[in-house]
Amino acid sequence: MEWLRLIGFCLLAGALVMLLAQMQPQAAALLSVAFGVLVLGAALPRIAEYVQRIQSFLSSLNLDAQYYRIMLKAMGVVLITQLAVQACEDMGAASIARRAEFLGRLALLSVAVPVFMELTQMAVGVLR
């Protein structure tokens, strides 16, 4: 039910932004970004719950804590990048949104490289 409320909030915000855009486009863009931040803030408890479930799952597999940190960093990069991209698009800066998306992908790659290197070392160790 909580998600339905948030979706309803988004629909209401979208209608308000659409009405305001006709009179004050700059204010509508800022209102859109503000609503986006509010929705993210409202969703954080649910995100924290997912993080907790992932941590429990990885603990049950007896994996090193570094995998948990890497997954958490990756999730953070994805969420922050998506918020930035959508905010830029809402403000009419599509080209900057694409740059933010590119930087998010680079950040995600930098998080994933240590895992890739370790998995490669493990595979080479098995093959020897």
Legend entry - Any pair counted as ring pair (Phe, Tyr, Trp, His ring centres under 6.0 Å), so long as it reaches residues 92-112, sequence neighbours left out: none
Inset, instruction - Apply side chain to side chain contact (heavy atoms under 4.5 Å, CB included) to Leu12 and list each qualifying residue two or more places apart in sequence or on a separate chain. - result: Leu16
Legend entry - Qualifying residues under salt bridge (Lys or Arg N to Asp or Glu O under 4.0 Å), relative to Arg46, sequence neighbours excluded: Glu2, Glu49
Distance-only donor-acceptor hits, side chain of residues 108-120, under 3.5 Å, sequence neighbours excluded:
{"unit_1": "Ser110", "atom_1": "OG", "unit_2": "Ala107", "atom_2": "O", "d": "2.7"}
{"unit_1": "Glu118", "atom_1": "OE1", "unit_2": "Gln66", "atom_2": "NE2", "d": "2.7"}
{"unit_1": "Glu118", "atom_1": "OE2", "unit_2": "Tyr67", "atom_2": "OH", "d": "2.7"}
{"unit_1": "Thr120", "atom_1": "OG1", "unit_2": "Phe116", "atom_2": "O", "d": "2.8"}

Legend entry - Partners meeting side chain to side chain contact (heavy atoms under 4.5 Å, CB included) with Met18 (sequence neighbours left out): none
Legend entry - Residues forming a side chain to side chain contact (heavy atoms under 4.5 Å, CB included) with Ile54, sequence neighbours excluded: Leu58, Met71, Met75
Inset, instruction - Not counting sequence neighbours, which residues clear side chain to side chain contact (heavy atoms under 4.5 Å, CB included) with Gln26? List them please. - result: Gln24
Legend entry - All pairs passing ring pair (Phe, Tyr, Trp, His ring centres under 6.0 Å) where residues 8-53 contributes a residue, at least two apart: Phe9-Phe35
Donor-acceptor pairs are to be reported for all side-chain atoms of residues 80-87 against protein atoms at under 3.5 Å, with residues two or more places apart or in another chain.
{"unit_1": "Thr81", "atom_1": "OG1", "unit_2": "Val77", "atom_2": "O", "d": "2.7"}

Inset, instruction - Enumerate the residue pairs fulfilling salt bridge (charged side-chain N to carboxylate O under 4.0 Å, His left out) with a member in residues 11-36, sequence neighbours excluded, ordered by first and then second residue. - result: none
Using residues 38-45 as the side-chain source, report each donor-acceptor pair under 3.5 Å to any protein atom, sequence neighbours left out, with the distance given to one decimal.
none

Inset, instruction - Kindly write out the residues that satisfy side-chain hydrogen bond (donor to acceptor under 3.5 Å, both in side chains) with Ser32, not counting sequence neighbours, or none if the list is empty. - result: Asp90
